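Letters A, B, ... mirror the listed sequences (proteins, then strands); counts begin at 1. Values in this document were obtained by computation on a predicted structure and should not be read as measured data.
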There are 2 protein chains.
Amino acid sequence: MTLDREQVLRSAAALLTRKSTATMDEVARAAGIGRATLHRHFAGRDALVRALENLGIQEFEAALDAAELDKGTSEEALRRLIAAVEPSAGLLSFLVTENQLFEGEEVNEGWSRTDARVSAFFRRGQERGEFRIDLTPAWLTEALYGLVSTGAWAVQVGRVAGQDFQYMIVELLLGGARRSVEQ
Amino acid sequence: MTLDREQVLRSAAALLTRKSTATMDEVARAAGIGRATLHRHFAGRDALVRALENLGIQEFEAALDAAELDKGTSEEALRRLIAAVEPSAGLLSFLVTENQLFEGEEVNEGWSRTDARVSAFFRRGQERGEFRIDLTPAWLTEALYGLVSTGAWAVQVGRVAGQDFQYMIVELLLGGARRSVEQ
DNA sequence: ATTCAATGAGACATTCATGTCTCATATGGG
DNA sequence: CCCATATGAGACATGAATGTCTCATTGAAT
């Protein structure tokens, strides 16, 4: 036996991504373990969510690393980032929603780090003349989170094909819906 | 006395927009009435949320009407729509999140109507050559919802100035973050 | 002034998720 | 083979929100 704590977190993430109000019992069943065992690994629901938050931050930071945002053009870097983030999109979507419930309480410092990195990426792109300067880096950062969440949900419910996830997000984020003249 | 049911709904919307987990007691206090009275007007929390859902749908449909999406260019129409939707953005944001919890259960038919209208608007824009055809109307519709929600939240927490709400959403949705050559 | 309907406050029962605990069982190492 | 450890199942208590009810009070209409 000696179950894998990491594996439990993965299945919890998968379940909570689909049903964010799942009970501890449902989370345990989904992981194929008993509720008591789940409590032995995570002191409570808060602890579980915090662990998931740390996992999400860790995965997001890994995606930021993997994307090598300072290499090549900003556009290429953004494409790499969205590609790298796709496997974590569902979890991040859950965490974003969950975070909004905290309305003022202390938030995990990890988000400040990721916010800073994403925001700095957009600012660099602006300084290089590759991104518009009339949209603030803070807004572009939030928009990226929002579109990734929306995309994950749209794929989840079947409104968007899974294989289009990256393309739809990147293209909208980069070029918008307007048909440009050169096309 | 003879309190206004509409007024109660408004204050409930305002509160739940900020704190989506507010209890019936908090909702009642926010409306300046007792919990018993709140229950006399809305059978329970479900009934309250359903009433809010109908209010949100009604407001969104009113915004769709007011925007006159078939007049002028698609771009102008989209600007009118976002402007008309801004006062309801918080409520819609709450309802979108709330709806995702229903994961499969019956959804209010009103959303089908609004989805159809927004989606048809993007499709018309594509047919007119004003919108890109490589982004599906379904995705553009979801993206619009997502950006409106994200924008409402970003303003809520102070990451984006309230006066920039419309501009940030419309510009990103239309033109994206890329700095185009003609600028 | 009287009457009547609506309200506010609070008591009460119910439900549900959570957290804790016990105990029998199974697994894996020595 | 035996033992230590982890697990699963379930019982149990707790807390929170909900929903229902009563009753005194308020406000408005007559």
Whole-Å distance, A/Asp4 CG to D/dA6 P, equals 15 Å
Among C/dA17, C/dT20, C/dC21, the one nearest A/His39 by side-chain distance
C/dT20
Can you pull out every salt bridge (Lys or Arg N to Asp or Glu O under 4.0 Å) where at least one residue sits in residues 72-82 of chain A? Sequence neighbours excluded, please.
A/Glu75-A/Arg79, A/Glu75-B/Arg178, A/Arg79-A/Glu171
Below 30° counts as parallel, above 60° as perpendicular, anything between as tilted: where do the rings of B/Phe121 and B/Phe131 land?
perpendicular
Using a cut-off of strictly less than 4.0 Å, decide whether A/Thr37 has a side-chain nitrogen or oxygen near OP1 or OP2 of D/dG8.
yes
Residue list, salt bridge (charged side-chain N to carboxylate O under 4.0 Å, His left out) with B/Arg50, at least two apart or on another chain:
none
Could you tell me how far apart A/Arg29 (CZ) and C/dA17 (P) are, to the nearest whole angstrom?
13 Å
Quick note, A/Arg40 side chain, CB onward, closest among C/dT22, C/dG8, D/dG19 is C/dT22
Indicate every side-chain donor-acceptor pair of residues 147-156 of chain A with a distance under 3.5 Å to a residue at least two apart or in another chain.
unit_1   : atom_1 : unit_2   : atom_2 : d
A/Ser149 : OG     : A/Tyr145 : O      : 3.2
A/Thr150 : OG1    : A/Gly146 : O      : 2.8

In residues 43-50 of chain A, which ones come under 4.0 Å of DNA chain C, going by heavy atoms?
A/Gly44, A/Arg45
Among C/dG19, D/dT18, C/dG8, the nucleotide that comes nearest once only the side chain of B/Met24 is considered:
D/dT18
What nucleotide among C/dT7, D/dT20, C/dG8 has an atom nearest to a side-chain atom of B/Ile33?
C/dG8
If you look only at pairs with a residue in residues 85-94 of chain A, which of them pass as a salt bridge (Lys or Arg N to Asp or Glu O under 4.0 Å), with sequence neighbours excluded?
none
Holding to side chain to side chain contact (heavy atoms under 4.5 Å, CB included), I want the full list of residues that pass it with B/Ser112, two or more places apart in sequence or in another chain.
none
Given C/dG8, C/dA11, D/dA17, the nucleotide with the shortest approach to the side chain of B/Thr23
D/dA17
Heavy atoms, side chains only, cut-off 4.5 Å: are B/Glu26 and B/Lys19 in contact?
yes
Starting at atom CG of A/Leu38, determine the distance to atom P of D/dA6, rounded to an integer number of angstrom.
16 Å
Between C/dG19 atom P and A/Asp25 atom CG, what is the distance in whole Å?
13 Å
Per the atom types in the model, does the base of D/dG10 pair as donor or acceptor with the side chain of A/Arg35 at under 3.5 Å?
no
